[in-house]
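Only one structure is covered here, and it is reproduced in the block below.
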Amino acid sequence: MPILLVLFLAVVAEITVMVTVGNLVGILPTILLLIAATVLGVALLRREGVKTIGALQAAITARRPPEREILDGVLVAAAGVLVILPGFISDILAILLLLPPTRAIVRRRLVRRAEVAVANRERRTIIVDSVVVDPDANHHGSSDSGSNPTIFLPESRRGTD
């Protein structure tokens, strides 16, 4: 799905939810709810950001790969972007990403999807049969500028010519 369509649908959904909540509880309570969700999100973002940086430093100090900590940092950064965007849906998604249990679920799913994607990519590897031409072949042993370059054939083509 094209990214512009996704962004358009997200904006439409945010506006729809804000208008619906505004009709249900009024304009002032809706604005206060948006501010409260943003303040809560920023507080969680600050706390989880500091925790993630501390965990990254601890992993580096312990000389172990900080894969989990880096992915947590990416998810916390994504939550930070979502917190900044106005709207209930983005604030709820941001708060969910900032809670460690739900972030762990998202992290596991992302790792699983990445592992599947890598496995599928390896299965679909295409080896292209090619000819390698030595560009320095004209300068070695021959002063004739019109001489043919040395051509190295791959093993798969050596018996077919």
Side-chain angles (χ1 to χ4, degrees), residues 1-133 135 152-157:
M1 194 182 262
I3 190 73
L4 289 177
L5 180 60
V6 171
L7 290 174
F8 176 74
L9 292 174
V11 169
V12 168
E14 288 283 9
I15 291 171
T16 303
V17 170
M18 280 192 277
V19 168
T20 303
V21 170
N23 286 336
L24 290 174
V25 297
I27 293 174
L28 187 59
T30 301
I31 293 171
L32 292 175
L33 280 171
L34 284 170
I35 292 171
T38 302
V39 168
L40 175 64
V42 168
L44 280 172
L45 179 64
R46 179 178 228 166
R47 185 186 80 182
E48 293 303 315
V50 169
K51 283 170 104 178
T52 301
I53 290 172
L56 178 64
Q57 289 174 339
I60 291 171
T61 302
R63 295 189 181 265
R64 67 174 174 79
E67 299 147 350
R68 185 181 74 81
E69 292 80 8
I70 289 174
L71 190 50
D72 272 351
V74 169
L75 292 174
V76 168
V81 170
L82 290 171
V83 162
I84 292 171
L85 297 175
F88 290 110
I89 297 172
S90 61
D91 285 347
I92 290 169
L93 290 175
I95 290 169
L96 287 175
L97 276 179
L98 289 171
L99 296 174
T102 53
R103 189 171 61 241
I105 292 169
V106 172
R107 183 180 59 241
R108 280 194 300 270
R109 289 196 68 187
L110 285 175
V111 167
R112 203 173 316 126
R113 286 188 70 185
E115 288 170 348
V116 168
V118 167
N120 287 340
R121 190 185 72 202
E122 287 174 0
R123 241 184 281 133
R124 290 187 294 205
T125 300
I126 300 171
I127 299 174
V128 178
D129 195 15
S130 62
V131 176
V132 178
V133 178
F152 298 96
L153 294 175
E155 287 183 34
S156 61
R157 295 200 44 198

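Here, residue 1 is the first one in the sequence, and each next residue gets the next number. Source: prediction; values computed, not measured.
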Quiz item: Of all residues at least two apart in sequence or in a different chain, which pass the side-chain contact (heavy atoms from CB on, under 4.5 Å) check with R46?
Solution: none
Self-check item: Worked verdict on E48 versus K51 for salt bridge (Lys or Arg N to Asp or Glu O under 4.0 Å)
Solution: CA-CA 5 Å; E48 293 303 315; K51 283 170 104 178; 3.7 Å; yes
Could you go through residues 59-71 and list every donor-acceptor pair under 3.5 Å that involves a side-chain atom there, pairing it with any protein atom two or more places apart or in another chain?
{"residue": "T61", "atom": "OG1", "partner": "Q57", "partner atom": "O", "Å": "2.8"}
{"residue": "R64", "atom": "NH1", "partner": "E69", "partner atom": "OE2", "Å": "3.3"}
{"residue": "R64", "atom": "NH2", "partner": "E69", "partner atom": "OE2", "Å": "2.9"}
{"residue": "R68", "atom": "NH1", "partner": "D72", "partner atom": "OD2", "Å": "3.2"}

Quiz prompt | Side chain proximity check, L97 to T102, heavy atoms < 4.5 angstrom | solution = no
Quiz item: side chain to side chain contact (heavy atoms under 4.5 Å, CB included) between L44 and V83: does it pass, once the steps are laid out?
Solution: CA-CA 10 Å; L44 280 172; V83 162; over 6 Å; no
Quiz item: Would you call I53 and L56 a side-chain contact if the rule is heavy atoms closer than 4.5 Å?
Solution: no
Name each donor-acceptor pair under 3.5 Å that joins a side chain in residues 4-15 to protein atoms two or more places apart or in another chain, with its distance.
{"residue": "E14", "atom": "OE1", "partner": "F88", "partner atom": "N", "Å": "3.0"}
{"residue": "E14", "atom": "OE1", "partner": "I89", "partner atom": "N", "Å": "3.1"}
{"residue": "E14", "atom": "OE2", "partner": "S90", "partner atom": "N", "Å": "2.6"}
{"residue": "E14", "atom": "OE2", "partner": "S90", "partner atom": "OG", "Å": "3.2"}

Exercise. Scan for side chain to side chain donor-acceptor pair (under 3.5 Å) pairs involving residues 74-83, sequence neighbours excluded, and state none if there are none.
Key: none
Quiz item: Out of V19, V25, T20, which residue meets the side-chain contact (heavy atoms from CB on, under 4.5 Å) rule with N23?
Solution: V19
Exercise. Would you mind listing every salt bridge (Lys or Arg N to Asp or Glu O under 4.0 Å) that reaches into residues 84-98, with sequence neighbours excluded?
Key: none
Quiz item: Quick one: side-chain contact (heavy atoms from CB on, under 4.5 Å) partners of R113, sequence neighbours excluded?
Solution: none
Exercise. Walk me through it: do V106 and R103 pass the test side chain to side chain contact (heavy atoms under 4.5 Å, CB included)?
Key: CA-CA 5 Å; V106 172; R103 189 171 61 241; 5.6 Å; no
Self-check item: Test side-chain contact (heavy atoms from CB on, under 4.5 Å) applied to A43 - qualifying residues, sequence neighbours left out
Solution: none
Self-check item: Euclidean distance, L45 CG relative to I84 CD1, rounded to 0.5 Å
Solution: 8.0 Å
For residues 27-40, run the donor-acceptor check on the side chains, cut-off 3.5 Å, and write out each pair with its distance to 0.1 Å, sequence neighbours left out.
{"residue": "T30", "atom": "OG1", "partner": "G22", "partner atom": "N", "Å": "3.3"}
{"residue": "T30", "atom": "OG1", "partner": "G26", "partner atom": "O", "Å": "2.6"}
{"residue": "T38", "atom": "OG1", "partner": "L34", "partner atom": "O", "Å": "2.9"}

